[in-house]
Protein chains: 2
Amino acid sequence: MSFENLSNREKKVLQNLINHYIQTADPVGSRVIANKYRMGLSPATIRNTLQDLEEMGLLQQPHTSAGRIPTDHGYRVFVDMLLKQEPLNAGDTEKIQSMIKSSQKGIGMVLSQTSKILGDITNQLGVSISPRFEEGRLARLDLIPVSGGKLLVIVTVESGLARSILIEIESDIDSKELSHMQNVLNERLSGLTLGQIRKTIQKRLKDTDCTPRLIKLFIDPEIDIWTLEENENMFIMGTDNLVNQPEFSDRSRLSEFMKFLEEKKALKELIESKSIGEGIVITIGSECSIDQIQDCSLVTSKYRAGNLSGSIGIIGPTRMPYSKLISIVEYTAQSLTKALTESRGEDE
Amino acid sequence: MSFENLSNREKKVLQNLINHYIQTADPVGSRVIANKYRMGLSPATIRNTLQDLEEMGLLQQPHTSAGRIPTDHGYRVFVDMLLKQEPLNAGDTEKIQSMIKSSQKGIGMVLSQTSKILGDITNQLGVSISPRFEEGRLARLDLIPVSGGKLLVIVTVESGLARSILIEIESDIDSKELSHMQNVLNERLSGLTLGQIRKTIQKRLKDTDCTPRLIKLFIDPEIDIWTLEENENMFIMGTDNLVNQPEFSDRSRLSEFMKFLEEKKALKELIESKSIGEGIVITIGSECSIDQIQDCSLVTSKYRAGNLSGSIGIIGPTRMPYSKLISIVEYTAQSLTKALTESRGEDE
DNA sequence: CTTTGGCAATCTCCACATTAGAGTGCTAAA
DNA sequence: TTTAGCACTCTAATGTGGAGATTGCCAAAG
């Protein structure tokens, strides 16, 4: 459905109504729009427009004698056509910049800081997800024997990011065998993404003259070297903000929502699926089909860390100050990219 | 204050009252105690006892014509003197056992699983904190140069747990210098706890003939190799449970509480300070002076991972089923110790 | 001396009614 | 096309009146 044929007046009314509703969370009546926003029209005229907008499915009435509130469609039109980019205020940029400082302490620290700051300055839920190592191309792989029957595997991906995994081996292994193994692995796997490697590792190591016991370490799905996602790779901060929002006054809804957040997996997939392409992506209410976050919107963006990319964003009730949030998320993603790409990230 | 001089009847009444209150969350009156718990006494008699208990500070009345609820003191006496250990049910033990399976996937995974399960089966907030590497004695330190101007430091502590840190160095370093540095470090630092090392590292490396640039890596507080605590070393699950409890019906209280949880630091310190010594520690309401978790109790315990120890526990309103929770936390801590000590833990 | 039944007093909680206020939709006039 | 006027509707706030629960105390019973 396209709403580009809205009259100027209709646009203006919709815009004012949503802006007011975002601030007050109360249904907005014709009087408020006419008076507070000085449209030079009487409430009665506004009422006609409101009726039109309601028929178009952009507004709805909680009950007969209440003002109107936007529908998800209404927000969509607002976001797509009527939004004015709001510049960041100095305090916020400063806070976001301060996050970069923590980039020395590993990527986990930056991301945790980022979501905290996002939550703080937006008054919504701040979320950040660590880069998808899956997409990274293997640059180099080192095998290093460590005392105590352990083997250290260092995986370096092309951008320079690296992660190390310590795995156990029952007994010591001849260093010659090990370096042979390392050569074979590098030969056969370099340039592939970790995702590809994980899927095809079985095939690729089939006909080698390496020690079977060693090979097993790399193809065993139990050990799973190639999934470098940490178990804690998503940071969610600012739940205290949501608790206060009238949209979450229903206890069982809040409870379901919290449960959903703790699940993490679904939320992660959702955000990653949304934040594709460059720039900000806005998902409004029913546009995402997940039950638990109905009446919520997402403002998400990708960021880069070298060749890899991750996602950040905020979640909150559909009644959120989009224009402000877009600027914030955008700027944060840019800052994050800068922070993680300049100092080619070490991992924790 | 000692309450060992309580009469048998007083004990019985207190016990029944608390048990009933734990289930219903409603103030308990004399009638309920007399009838439902078949004490063979009339409500009037119970009333007298209730008055006595109130005077002792074990009970209180929300208002004149309500029943009574326990005070923190009341809970204390209940927990110390009147608690009957409640055996675990089969389903719960099974769930706890299932957690051990995830111990293959690194300590982070087990702990995250643990708090999830704790939250699940207790219906409270499940918390687990990773072992305090601080306390671990350095067994061995390896320095391994990695491609791309990086240096890998592997810290192995006595129990066999190890962690690796990848740090950046501007330019390559002579391997001879490196192995000399490694020798010096091992000579001077082995056997000390990481906590000790961090505090005294400056002094201990003062008079060496190592490359100054290398030395800097180990004493620079910015890099801080010796703090192996991950940034995400605490797992909190089950917030959805708390939202439903009547104790958190006040929105701003809930909000403050969530904020406190996200802070993490304070909570971590609290739990670590409580779970000293062996076995379960119970902290009731005002016994812990933190504002945000007033009216909450903690049931915590230490667990061991090799030589190191960490803490787990649950948090919930003071009105919690202590006897059940104690069994659960106890058994979970034991299981965790077993899981982490058998397979000498690799780190993620 | 302990226990109990009786009873007035107190306070909460709920259901219900009433009212004030906000906003609408419609109509007729400007 | 816009506006003023007005009847109508619905909510939210307020107040009222029990019903119900529980207590504390007293006097009688055990």
Side-chain angles (χ1 to χ4, degrees), chain A residues 5-14 16-21 23-71 74 246-247 249-250, chain B residues 5-14 16-18 20-21 23-71 74 246-247 249-251:
Chain A
N5 43 4
L6 284 176
S7 74
N8 261 343
R9 177 182 302 167
E10 286 166 337
K11 286 185 190 170
K12 205 77 193 152
V13 167
L14 181 62
N16 289 337
L17 184 141
I18 293 187
N19 278 329
H20 194 264
Y21 181 63
Q23 283 172 29
T24 63
D26 282 327
V28 188
S30 52
R31 257 183 64 127
V32 178
I33 298 180
N35 296 342
K36 194 175 163 192
Y37 292 92
R38 320 243 157 206
M39 296 195 59
L41 293 169
S42 77
T45 314
I46 304 289
R47 273 207 285 285
N48 292 325
T49 311
L50 289 175
Q51 258 177 322
D52 296 341
L53 290 169
E54 182 165 357
E55 267 162 37
M56 289 185 244
L58 302 181
L59 297 179
Q60 70 190 99
Q61 272 182 299
H63 54 85
T64 350
S65 78
R68 269 136 176 136
I69 62 177
T71 62
E247 278 84 352
S249 59
D250 180 21
Chain B
N5 43 3
L6 285 175
S7 75
N8 261 344
R9 175 182 303 166
E10 286 166 336
K11 285 184 191 171
K12 205 77 192 151
V13 167
L14 181 63
N16 289 336
L17 184 142
I18 292 186
H20 193 263
Y21 181 64
Q23 283 170 28
T24 62
D26 284 325
V28 187
S30 52
R31 257 182 65 125
V32 178
I33 298 180
N35 297 341
K36 193 174 164 192
Y37 292 92
R38 320 246 157 203
M39 296 196 59
L41 292 169
S42 78
T45 315
I46 304 290
R47 273 206 284 286
N48 292 325
T49 310
L50 288 175
Q51 259 177 322
D52 295 342
L53 289 169
E54 182 165 357
E55 269 162 35
M56 289 185 246
L58 303 181
L59 298 178
Q60 69 189 102
Q61 272 183 299
H63 54 85
T64 351
S65 77
R68 272 143 173 126
I69 62 178
T71 61
E247 278 84 353
S249 59
D250 180 21
R251 322 305 257 37

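Order of the sequence lines sets the chain letters (A, B, ...), proteins ahead of strands, with each chain counted from 1. Quick note: numbers below take in every heavy atom, side chains included, and nothing from hydrogens, waters or symmetry partners.
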B:Q61 side chain to B:A66 backbone, donor-acceptor under 3.5 Å: yes
Can you check the [X] [atom1] to [N] [atom2] distance for me, whole Å?
{"X": "B:I69", "N": "D:dT23", "atom1": "CD1", "atom2": "P", "value": "13 Å"}
{"X": "B:N8", "N": "C:dT2", "atom1": "CG", "atom2": "P", "value": "16 Å"}
{"X": "B:M39", "N": "C:dT3", "atom1": "CE", "atom2": "C1'", "value": "14 Å"}
{"X": "A:R9", "N": "D:dT3", "atom1": "CZ", "atom2": "C1'", "value": "12 Å"}
{"X": "A:D26", "N": "D:dA13", "atom1": "CG", "atom2": "C1'", "value": "15 Å"}
{"X": "B:N35", "N": "C:dG5", "atom1": "CG", "atom2": "C1'", "value": "14 Å"}
{"X": "A:D52", "N": "D:dT1", "atom1": "CG", "atom2": "P", "value": "11 Å"}
{"X": "B:I33", "N": "D:dT23", "atom1": "CD1", "atom2": "P", "value": "8 Å"}

Non-hydrogen side-chain atoms of [X] and [Y] separated by less than 4.5 Å:
{"X": "B:R68", "Y": "B:R47", "result": "no"}
{"X": "B:L53", "Y": "B:L6", "result": "yes"}
{"X": "A:I33", "Y": "A:M39", "result": "yes"}

Atom CZ of B:R251: over 12 foreign heavy atoms under 6.0 Å: yes
Working for side chain to side chain contact (heavy atoms under 4.5 Å, CB included), residues A:L59 and A:L14: CA-CA 8 Å; A:L59 297 179; A:L14 181 62; 3.8 Å; yes
Annotated protein contacts, base or backbone, on nucleotides 11-30 of chain C with a non-hydrogen cut-off under 4.0 Å, one of B, S, - each: BS---------BSBBS----
